[in-house]
There are 2 protein chains.
Amino acid sequence: MVSIVSVAKAAGVSNKTVSRVINGEPHVTEDTRERVEKAIRDLGYIPNMAARQIRSSRSNTFGIITDYVSTTPYSVDIVRGIQDWANTHGKSILMANTGGLPEREAEIWKMFQSHRIDGVLYVTMYHRVVDPEAGDVSIPTVMINCRPQTSELLPSIEPDDFQGARDLTRYLLERGHRRIGYIRLNPILLGAELRLDAFRRTVKEFGLAESDLSIRLGMEGPVGAEENYVFAAATEMLQQKDRPTAIMSGNDEMAIQIYIAALTLGLRIPQDVSIVGFDDFRTVSLALKPELTTAALPYYDLGFQGAEWLNSVIAEEKVRASRRVISCKLVDRTSVCSVKPPE
Amino acid sequence: MVSIVSVAKAAGVSNKTVSRVINGEPHVTEDTRERVEKAIRDLGYIPNMAARQIRSSRSNTFGIITDYVSTTPYSVDIVRGIQDWANTHGKSILMANTGGLPEREAEIWKMFQSHRIDGVLYVTMYHRVVDPEAGDVSIPTVMINCRPQTSELLPSIEPDDFQGARDLTRYLLERGHRRIGYIRLNPILLGAELRLDAFRRTVKEFGLAESDLSIRLGMEGPVGAEENYVFAAATEMLQQKDRPTAIMSGNDEMAIQIYIAALTLGLRIPQDVSIVGFDDFRTVSLALKPELTTAALPYYDLGFQGAEWLNSVIAEEKVRASRRVISCKLVDRTSVCSVKPPE
DNA sequence: CAAGGGAATGACAACGTCGACATTTTTGAT
DNA sequence: ATCAAAAATGTCGACGTTGTCATTCCCTTG
């Protein structure tokens with residue numbers, strides 16, 4: 001393998017000079033620099049990160065740990081965001097997936113340490129504690145899309161589910177909807193509670209009574225094997241005498257079933273029922289006709305900013321635990337229409 | 001940082017002996033081994049991959065290059081398959097995304113070489129040539145879910161779109177369907193042609209005439225910004241006098257629109273129209289009611305076997321180009337019903 | 001008890017890079 | 001032309017590991 005030494009030989013200079021050129025250090029004549037650069041090109045030399053790291057004890061590599069995230073299609077954008085930041089800042093990404101198995105997670109931390117990664121991005125779907133294995137070693141860590149259960153041990157960055165759901169609720173209220181259905185997300189998801197809470201509060205602030213609301217559980221159980229009540233719940237909800245004029249869906253995916261339930265009952269969307277989703281999972285929200293009005297989860301930004309944050313945590317060499325929240329943008333499409341105020 | 005030297009000191013042996021213990025080499029007394037292992041535990045020693053690599057010029061790391069794959073939610077399973085194989089075989093995964101930009105791809109190859117990765121898994125959605133930048137350097141590479149355009153330069157592993165579509169077509173024919181609609185995938189996708197071809201041939205073998213078929217283009221244009229004709233095409237197709245009794249959808253995602261079109265026209269699924277998808281993108285296929293009969297793309301296996309293959313290519317140190325194909329499993333759900341044969 | 005042989009252990013160098021420091025060359029002011 | 005300061009370049013060692021080869025130890029055999 002061509003090393004710095006061969007380049008030095010070819011260019012007729014010392015290794016150190018080559019090193020200087022590679023790292024853009026000063027104190028090199030323009031002439032020498034060019035000669036070295038030519039030698040580098042000719043020999044196809046590429047610096048050896050391992051050797052570099054062994055000297056500097058900096059690997060310029062971030063680790064990503066995911067649990068089921070890579071299973072849930074929406075959140076690939078988190079990873080894309082991280083990659084984009086890393087790529088444009090000369091960092092590499094080492095990636096591993098726990099599949100939810102604690103023993104595998106322990107292995108992964110070990111593997112990461114063994115690569116002497118500079119920091120970890122811990123990406124999960126759940127509100128959970130980072131494995132002690134992790135906490136012991138003081139690798140800078142930023143949690144993305146989740147938060148440490150044990151108070152504020154680690155920095156975390158999350159979507160603002162509350163704000164997203166509040167905006168969506170207001171959106172419906174402003175358009176005259178007064179009987180609103182709500183089909184709940186699987187309660188094990190961190191967002192479930194936040195969204196429902198936002199819905200309840202916003203609606204109450206506006207003066208609606210509990211009896212104007214139809215709230216149903218859409219799903220429950222472990223990820224990948226959940227019980228699915230959405231279709232049944234939506235059907236039942238829409239057959240009520242005073243059926244809701246609008247339904248908020250826990251997420252976009254569940255909205256598919258609500259659409260089908262409504263259409264099967266012969267209801268038109270949005271004239272007879274308006275529907276809003278959550279996530280802006282475009283595979284779904286754009287496939288539905290009429291296209292789904294929803295709140296976009298800022299997955300890409302979560303990843304991008306998470307990586308950026310991790311980098312600064314590493315630079316400052318102290319982990320300032322705190323929580324950041326990124327807002328969800330309301331995406332206004334065509335699944336909602338206005339309702340005449342009651343005479 | 002605690003190194004092999006500190007362990008040796010603590011255990012009162014030479015570094016080499018510690019090295020022997022770590023790598024499970026013979027010629028170490030049980031007694032010594034235990035003493036060393038204790039020292040390792042006490043000090044929390046973790047081997048330094050970079051140093052190891054510098055000696056052995058083996059990084060035990062695979063690189064994954066993706067283009068838009070990580071954007072398309074279905075294919076995250078490829079990555080999961082790779083990770084699972086890697087994890088259970090002591091390999092690490094370095095990951096990068098081109099976003100379709102050739103210049104970034106070049107950078108990524110450089111980054112990979114700089115980490116001296118052992119091999120590359122090239123994962124894309126398209127039928128395309130690997131960048132010359134890649135071909136020059138002789139890093140063992142396996143292509144997943146795509147194939148090199150220039151004949152058989154590199155090993156590739158793909159889903160058997162043809163077989164999947166043939167099985168699905170037969171499935172419909174066996175259930176008495178004789179007028180069948182087909183809504184085509186975006187032609188830039190490798191699978192589009194294969195699936196349509198399989199459909200056409202199977203139907204012809206069976207003796208149907210071209211006039212029994214309604215074939216429409218569902219989407220076209222660049223990924224992420226495609227024109228979407230599915231809903232319109234399905235609506236039009238289902239309004240024909242002799243409307244199809246079954247529709248094959250280019251993929252599951254497009255089936256959403258077909259469902260909605262059918263329901264909006266007051267047709268029942270499957271009694272009035274049967275529908276089949278492709279991919280088994282469970283987020284969709286299980287959300288649709290009735291649940292969608294479809295052909296499961298073997299994404300996980302593609303990744304898992306791709307990694308395994310790459311490993312053997314590395315071991316043999318010669319790249320035997322060839323193509324492997326993994327079959328698609330038909331997933332029989334409830335979106336199809338039998339049709340009485342014409343009297 | 002000596003010799004021989006294998007098992008256990010150790011000393012040392014080398015991998016590729018860069019930091020600390022040393023040396024040489026150039027520059028500029030006198 | 002002289003000399004000091006600055007710039008350019010070089011030497012050397014260390015990072016953590018393991019391969020090569022040497023050394024020490026213990027056991028077997030005669």
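In the text below, chain A, chain B and the rest are named by the order of the sequence lines, each starting its count at 1. The model shown is predicted, which means the values in this text are computed figures rather than measured ones.
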Taking C-beta and beyond as the side chain, do A:N15 and A:S19 meet within less than 4.5 Å on heavy atoms?
-> no
Interatomic distance where CD1 belongs to B:I54 and P belongs to C:dC18 [whole Å] | 10 Å
Check whether the side chains of B:S92 and A:H115 place a donor and an acceptor atom closer than 3.5 Å, and report yes or no.
-> yes
According to a strict under-4.0 Å criterion, is B:R55 in side-chain N/O contact with OP1 or OP2 of D:dG16?
-> no
Taken to the nearest whole Å, CG/B:N15 to P/D:dG19 is 14 Å
Do the side chains of B:S322 and B:W309 get nearer than 4.5 Å, heavy atoms only?
-> yes
Test log, rule salt bridge (Lys or Arg N to Asp or Glu O under 4.0 Å), inputs A:D301 and A:R324 | CA-CA 12 Å; A:D301 290 332; A:R324 288 192 201 173; over 6 Å; no
What does A:P47 touch in the nucleic acid at a heavy-atom separation under 4.0 angstrom: a base, only the sugar-phosphate, or nothing?
-> sugar-phosphate
Whole-Å distance separating the CZ atom of B:R58 from the C1' atom of D:dT17 = 17 Å
When you look at A:I78 and A:T66, which way does the side-chain contact (heavy atoms from CB on, under 4.5 Å) test go after all the steps?
-> CA-CA 10 Å; A:I78 297 179; A:T66 58; over 6 Å; no
Does D:dT9 have OP1 or OP2 sitting under 4.0 Å from an N or O in the side chain of A:T29?
-> yes
A:W85 vs A:F304 aromatic rings, parallel, tilted or perpendicular, using cut-offs 30° and 60°?
-> perpendicular
Within this structure, what is the CD-to-P distance between A:Q53 and D:dT17, rounded to whole angstrom?
-> 11 Å
Whole Å only: how far is the CG atom of B:D31 from the P atom of C:dA8?
-> 12 Å
Considering only heavy side-chain atoms of B:N48, the closest of C:dG10, D:dG16, C:dT9 is D:dG16
5' precedence on DNA chain D between A:R33 and B:R20 (nearest-nucleotide basis) = A:R33
DNA chain D: B:K16 or A:E30, which has the more 5' nearest nucleotide?
-> A:E30
Whole angstrom value for the distance that separates P of D:dG10 from CD of A:E25 | 14 Å
Distance below 4.0 Å between B:T17 side-chain N/O and C:dG10 OP1 or OP2 = yes
Give a yes/no on whether any side-chain N or O of B:S57 is located under 4.0 angstrom from OP1 or OP2 of C:dC15.
-> no
What nucleotide among D:dT18, C:dG10, D:dG10 has an atom nearest to a side-chain atom of B:V13?
-> C:dG10
Closest nucleotide of DNA chain C for B:R116 versus for B:P26: which of these residues is on the 5' side?
-> B:P26
Spacing between B:Y45 atom OH and D:dC15 atom P, to the nearest angstrom = 14 Å
In terms of side-chain heavy atoms of B:H27, which of D:dT11, C:dA11, C:dA8 is nearest?
-> C:dA8
According to a strict under-4.0 Å criterion, is A:N23 in side-chain N/O contact with OP1 or OP2 of C:dC18?
-> yes
Quick one: is A:S56 getting a side-chain N or O under 4.0 Å of the D:dC15 phosphate, OP1 or OP2?
-> no
Let me know the distance between NZ of A:K9 and P of D:dT11, rounded to the nearest Å.
-> 13 Å
